[in-house]
Amino acid sequence: MGTVIYFYIIGALLLGGGAGYFFKNQDIKSKALKVEAENERKIRVTEQKIYEMEKKSNEQERKAEQKAHEILTKAKDEAHEKTQEIEKQTLRLEQKEEVLTEKVKEVERQKEMYISREASLKEREVKLNEILENEQKELEKIASLTKEAAKEMMFEKIEKTAAEDLINRMKRAEDRIKDEVEGKSREAIIQSIQRLASDVTNEATVTPVSLPSDDYKGRIIGKEGRNIQALERLTGCDFIIDDTPNTVIISGFDLMRRYIAKRTLEKLVEDGRINPARAEEMIEKATNEVDKMVQEFGDQAIYETGVSGIPPEIIKILGRLRFRTSYGQNVLKHSIEVAFLAESLANLLGADAELCKAAGLLHDLGKTVSQEIGGKHAVLTGEIGRKYGVDEKIIATAEAHHEDFPIDTIEKAIILVADAISASRPGARRETAEKFVQRMKDIEAVAGSFKGVNKCYAIQAGREFRIFVDPEEMSDLEAKKLSWNVARKLEADVQFPGEIKVTVFRETRAIEVAK
């Protein structure tokens, strides 16, 4: 019994030890498996990180390659642009070199021409000296006078002295008569002036044109100045573009030209298309607009003065005076003023007031054409009035306002006085402006005397003179000769300060219409 228990105990111990060993071994294996699994997880995490790092590295490498490609492309484009710019600069330099070469040749030709002219002048000088010497010898031969010749010279001197004395006596008598009537005439004139105390605005020689923005200045100038040159050539005015904000100044002595230039520029800016071809269309429209305005100005003057019986042709000519000035005074406003002054004086003196008013309104009609055909404007007034059937009494009274015709009626005297009052009252006129305008007209008249000249304009206050010739009647050589001849004639016939640049334009156009 005791032995069996002993064996049971031993068996239980062995069984417990075996179970313990088994479970211990299983726990060791489990831990080993867990360690292995953890190691595998760590390996997978490490591999994932390595993969992500490789992916990120590849992405950075791709971006670096893309950026390098962009930098290389940009560098190539810049190099290409610089190459083109260098080629353009080289072309411009070559063109400038050609122009300079032509100018050098032209200077050499001018030098040769001047040398030839100088030699010709020296020959003429020698001939003139010979003629003067011969004339001096002839005068020395006839210097000894006879008795009769000396007596005749003495009588001529006495006669001249007596004539001067007679003229002085007549002048003193005339002064006495003037003193006697001065009081009455002064009173009548003062009353007339007081009834017509109107403001006076002197006409300027520049017109400002407002622009929507300064960006339009570049468009008006155009590529290489093409647009502004075309505008100046077509209008005969000078377009001044300076730092004045949103403004272009148009300069010119002729009011009508300046107004047409102003309306043309305004229409071009409004249209938005600024080019030489469009400028020609707008100038034509502006010219038609001015024609309508001329008629309106004439009608307004007739309505304002209340003069009746004036032919329609004369009314339109009267409207043109709105674009004429005399010593800075607008001629149409001056004519209306003379009409009212003449009417007032006539009422005071008991003369025909309606006749004086009509004659005063029409007295300067000749100024509309005097600058084109020349001659005294008072005489031209009579010719225009008779041509279109104005009453002879009105015309005879109007044309006598500058004593070109006899002052044989009181109405003629009234027109003369009214014209003088309107022109001479303080602020009415600017003599310097009139002299400037007259000088511009004299300059333009010089070129008009040459054959083949179509149009000519004095611009930039007379410092530049542009002449447009018929290309079919004049060759390039003849055009160059014309510029030289005009410059010499200006030096001989016109007084002007500084110098005048004479430019001749010879342009050939070929126009065809596609249908």
Side-chain angles (χ1 to χ4, degrees), residues 192 254-256 291 294-295 297-327 329-346 349 351-424 428-429 434 437-438 441-442 445 448:
S192 299
D254 190 299
L255 281 176
M256 185 172 290
D291 289 339
V294 163
Q295 184 65 51
F297 286 137
D299 293 338
Q300 180 62 30
I302 294 296
Y303 174 80
E304 186 175 346
T305 56
V307 175
S308 59
I310 304 300
E313 297 84 359
I314 295 296
I315 295 176
K316 188 169 184 179
I317 294 172
L318 182 66
R320 290 182 59 188
L321 292 177
R322 177 62 180 77
F323 294 101
R324 288 280 287 118
T325 60
S326 179
Y327 293 95
Q329 185 182 31
N330 187 276
V331 178
L332 181 57
K333 294 179 181 178
H334 163 70
S335 298
I336 295 172
E337 186 174 276
V338 170
F340 287 128
L341 280 169
E343 181 186 29
S344 177
L345 287 170
L349 300 175
D352 189 339
E354 291 300 319
L355 172 61
C356 290
K357 183 167 63 173
L361 182 63
L362 305 182
H363 79 286
D364 271 346
L365 283 180
K367 286 187 177 180
T368 59
V369 295
S370 60
Q371 61 182 349
E372 287 88 2
I373 64 177
K376 294 183 177 181
H377 72 272
V379 177
L380 294 173
T381 294
E383 294 177 358
I384 294 172
R386 293 184 179 91
K387 178 180 179 181
Y388 292 107
V390 179
D391 190 296
E392 178 62 28
K393 287 185 179 180
I394 297 176
I395 289 303
T397 304
E399 67 184 357
H401 69 281
H402 278 318
E403 298 184 85
D404 295 307
F405 300 90
I407 308 298
D408 51 11
T409 66
I410 189 173
E411 287 80 12
K412 292 181 181 179
I414 287 173
I415 296 300
L416 188 149
V417 172
D419 179 55
I421 291 172
S422 174
S424 61
R429 294 190 171 188
E434 180 67 11
V437 173
Q438 186 59 47
K441 293 175 182 177
D442 292 342

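Side-chain contact between Arg324 and His377 is absent, with no heavy atoms from C-beta onward closer than 4.5 Å. With contacts defined as side-chain heavy-atom distances shorter than 4.5 Å, the pair Ile395/Glu399 qualifies. With a 4.5 Å cut-off on side-chain heavy atoms, Leu361 and Val338 do not count as touching. Taking 4.5 Å as the limit, some side-chain heavy atom of His334 sits within range of a side-chain heavy atom of His363. The shortest distance between side-chain heavy atoms of Leu365 and Leu380 does not fall below 4.5 Å. By the 4.5 Å heavy-atom criterion applied to side chains, Leu321 and Phe297 are not counted as neighbours.
Separating the CD1 atom in Ile384 from the CG atom in Leu362 is a distance of 10.5 Å, to the nearest 0.5 Å. Interatomic distance, Glu383 CD to Thr381 OG1, rounded to the nearest 0.5 Å: 9.5 Å. Ile394 CD1 to Glu354 CD: the interatomic distance, rounded to the nearest 0.5 Å, is 9.5 Å. Here the CD atom belonging to Glu313 is positioned 9.5 Å from the NZ atom belonging to Lys387, to the nearest 0.5 angstrom.
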Check against side chain to side chain contact (heavy atoms under 4.5 Å, CB included), Leu255 and Asn330: CA-CA 10 Å; Leu255 281 176; Asn330 187 276; 4.3 Å; yes

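The minimum heavy-atom distance between Ala398 and Ala359, with the atom names listed, is CB-O, 3.6 Å. Residues Lys316 and Asp291 approach most closely at CE-O, 4.4 Å, considering heavy atoms. Ala418 and Ala342 get closest at one heavy-atom pair: CB-N, 3.8 Å. Nearest heavy-atom pair across Ala353 and Ala346 is CA-CB, 3.6 Å.
The backbone N or O of Val331 lies less than 3.5 Å from a partner atom in the side chain of Ser335, making a donor-acceptor pair. The main-chain N or O of Lys367 is never found under 3.5 Å from a side-chain atom of Asp364 such that the two would form a donor-acceptor pair.
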Under 3.5 Å, which donor-acceptor pairs link side chains of residues 298-311 to any protein atom two or more places apart or in another chain?
from: Asp299; atom 1: OD1; to: Gln295; atom 2: NE2; distance (Å): 3.2
from: Thr305; atom 1: OG1; to: Ala301; atom 2: O; distance (Å): 2.8
from: Thr305; atom 1: OG1; to: Ile302; atom 2: O; distance (Å): 3.4

Using atom types as modelled, flag every donor-acceptor pair under 3.5 Å from a side chain in residues 408-417 to any protein atom, sequence neighbours excluded.
from: Asp408; atom 1: OD1; to: Lys412; atom 2: NZ; distance (Å): 2.9
from: Thr409; atom 1: OG1; to: Lys412; atom 2: N; distance (Å): 3.2
from: Glu411; atom 1: OE2; to: Asp352; atom 2: N; distance (Å): 3.2

